[in-house]
Amino acid sequence: MGEEVKLIGSIQSLFSFRIEWALKLKGVEYEYIKEDVRNKSPLIFKYNPVHKKVPVLVHGGKSLPESLVILEYIDETWKNCPLLPEDPSQRAMARFWAKYADEKCLIAVWQAYMAEGEEKEKAMGPALESLAFLEKEIKGKKFFGGEKIGFLDLAVGWIPHWLNVLEEVGSMKLLDAEKFPSLHEWAENFIQISPIKECIPPREELVSYFHSALIYLRSLSANKP
Amino acid sequence: MADEIMLLDWWSSMFGMRVRIALVEKGLKYESREEDLNNKSPLLLEMNPVHTKIPVLIHNGKPICESPIIVEYIDEVWKDKSPLLPTDPYQRAHARFWADYIDNKIFQLGGKIWTRKGEDQEAAKKELMECLKILEGELGEKPFFGGENFGFVDVSLVTFSCWFYAYESFGNFSIEAECPKLIAWTKRCLQKSSVSSSLPDPLKIHDFVVQLRKKFGIE
């Protein structure tokens with residue numbers, strides 16, 4: 001286990017931060033290689049030729065992309081501070097909700113952030129629906145992992161910081177404390193935990209990035225026939 | 001206490017087929033229930049309230065949803081027979097990566113081939129062939145994606161093979177012409193009883209697509 005660990009990540013990428021949190025929780029030393037998602041270096045094309053995205057974990061020279069795949073790899077390689085529960089049905093549930101959060105919740109939030117005018121109200125519907133499912137899942141628990149944070153907490157760990165920024169830049173309110181009290185409380189608890197609280201992107205950086213991204217993305221759809 | 005296993009399924013679903021293969025690989029007895037996807041049963045709605053989709057595995061009353069998650073669950077619970085995932089963490093991650101790649105690409109692209117026309121269809125064909133070539137490259141000279149043994153990635157991809165004839169007919173192209181090693185691999189997989197007993201006849205799938213196209217008004 002003394003092999004070198006590198007993480008190719010980006011300060012704007014919520015997927016990168018999941019990996020940093022996992023490595024720090026497990027006390028794994030790693031070298032962080034900073035990528036700019038707007039200006040990808042040859043390193044990304046070398047280590048992730050299929051998707052050309054961050055994050056990529058490089059362990060002993062072997063590379064691994066896709067954040068949820070990386071999280072499971074980290075959990076299986078460094079067995080201290082386990083992220084996934086031992087029971088197979090609970091593991092399946094954690095994987096199910098992580099997949100749901102990425103494929104439904106995050107996409108819905110993204111669509112709502114991009115939408116304008118009348119379309120925005122309509123686009124917020126699926127995002128609110130998906131948050132309602134997560135609210136139900138966290139109800140009665142301090143963290144998705146139980147008493148301690150786990151795989152699913154890391155997977156939805158974008159909610160406290162990134163959702164807040166997307167709401168501001170996208171002119172919308174999704175995570176309402178009254179509508180989603182348990183999820184709201186979870187978010188407040190999550191960002192207080194070490195090493196999460198010491199490892200968050202600077203808010204201004206995220207605001208600036210998502211603001212320019214919105215202008216760019218909207219210009220792309222305006223130019224479509 | 002004997003395990004009670006039920007699978008909520010639909011005969012033409014590549015995702016349902018994956019679970020069938022895994023259950024047979026592990027030698028498990030189960031009850032299969034065919035859902036009417038136009039009239040979903042209260043059981044399906046109760047067991048998968050989030051997506052209301054099949055397949056759903058119900059093991060001793062507890063539901064597991066999403067085919068790659070179900071297959072991994074089956075592999076973990078019945079770990080002593082026919083392991084589908086390797087033991088080495090890097091190889092396991094590699095397998096999960098490729099299963100995820102298959103899930104993100106093949107279904108949508110294949111679907112576009114039989115539902116679209118003109119440029120849209122051509123673009124989908126081109127992209128599907130690129131993806132299949134990438135997968136063929138990943139297979140390399142190995143008998144299976146899992147190496148010497150049939151594994152997780154094999155289960156994830158082989159279920160699309162019974163849909164290839166439909167894609168080829170409606171897209172007017174040949175997958176074998178460009179990916180002969182991949183087609184050879186599908187034939188190798190079909191020699192396994194778990195696969196041959198879980199996949200329907202490609203002609204039946206083709207006829208089903210003909211019906212769907214009529215229903216959706218696609219010429």
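Here is how names work: the chains are called A, B, and so on, in the same order as the sequence lines, proteins then strands, and each is numbered from 1.
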Counting only heavy atoms not in B:Lys53, do more than 12 sit closer than 6.0 Å to its NZ atom?
no

Can you tell me how far the OH atom of A:Tyr100 sits from the SG atom of B:Cys65, to the nearest 0.5 Å?
12.5 Å

Donor-acceptor contact below 3.5 Å, side chain B:Tyr90 vs main chain A:Ser63
yes

Please find out if less than 6.0 Å separates the ring center of A:Tyr73 from that of B:His94.
no

Bottom line for A:Phe133: the part with an atom under 4.5 Å from chain B's heavy atoms is side chain

Is it true that, when you exclude A:Glu31 itself, more than 12 heavy atoms of the residues, nucleotides or ligands shown sit nearer than 6.0 Å to its CD?
yes

Select one option (side chain, backbone, both, neither) describing which atoms of B:Arg96 are under 4.5 Å from chain A's heavy atoms.
both

Give a yes or no on this: more than 12 heavy atoms of other residues, nucleotides or ligands lie within 6.0 Å of atom NZ of B:Lys79.
no

What orientation do A:His51 and B:Tyr101 show, parallel under 30°, tilted 30 to 60°, or perpendicular over 60°?
tilted

Count the heavy atoms belonging to other residues, nucleotides or ligands that lie under 6.0 Å from CD of B:Glu130, then report whether that count exceeds 12.
yes

Counting only heavy atoms closer than 4.5 Å, note whether A:Arg95 contacts chain B via side chain, backbone, both or neither.
both

Within a radius of less than 6.0 Å around CD of B:Gln108, do more than 12 heavy atoms belonging to other residues, nucleotides or ligands occur?
yes

Side-chain contact test, heavy atoms from C-beta onward, threshold under 4.5 Å: evaluate it for B:Arg92 versus A:Glu72 and give yes or no.
no

Looking at A:Glu86, I'd like to know if its CD atom is crowded, meaning that more than 12 non-hydrogen atoms belonging to other residues, nucleotides or ligands lie closer than 6.0 Å.
no

Does NZ in A:Lys99 sit with more than 12 non-hydrogen atoms of other residues, nucleotides or ligands closer than 6.0 Å?
yes

Side-chain contact, heavy-atom cut-off 4.5 Å: B:Ile70 with A:Phe96?
no

Over all atoms of both residues, closest heavy-atom pair of A:Pro88 and B:Val77:
CB-CG2, 3.7 Å

When rounded to the nearest 0.5 angstrom, what is the spacing between CG in B:Leu57 and OG in A:Ser89?
11.5 Å

With a 4.5 angstrom heavy-atom cut-off, is it the side chain or the backbone of B:His59 that approaches chain A, or both, or neither?
neither

Got a second to check how far B:Ile64's CD1 is from A:Met93's CE, nearest 0.5 Å?
8.0 Å

Which atom of B:Ala93 lies closest to which atom of A:Val69, heavy atoms considered:
O-CG1, 3.3 Å

With a 6.0 Å cut-off (strictly less than), is the heavy-atom count around NZ of B:Lys142, excluding the residue itself, greater than 12?
yes

Would you give the length of the straight line joining atom CG of B:Asp88 to atom CD of A:Glu76, rounded to the nearest 0.5 angstrom?
9.5 Å

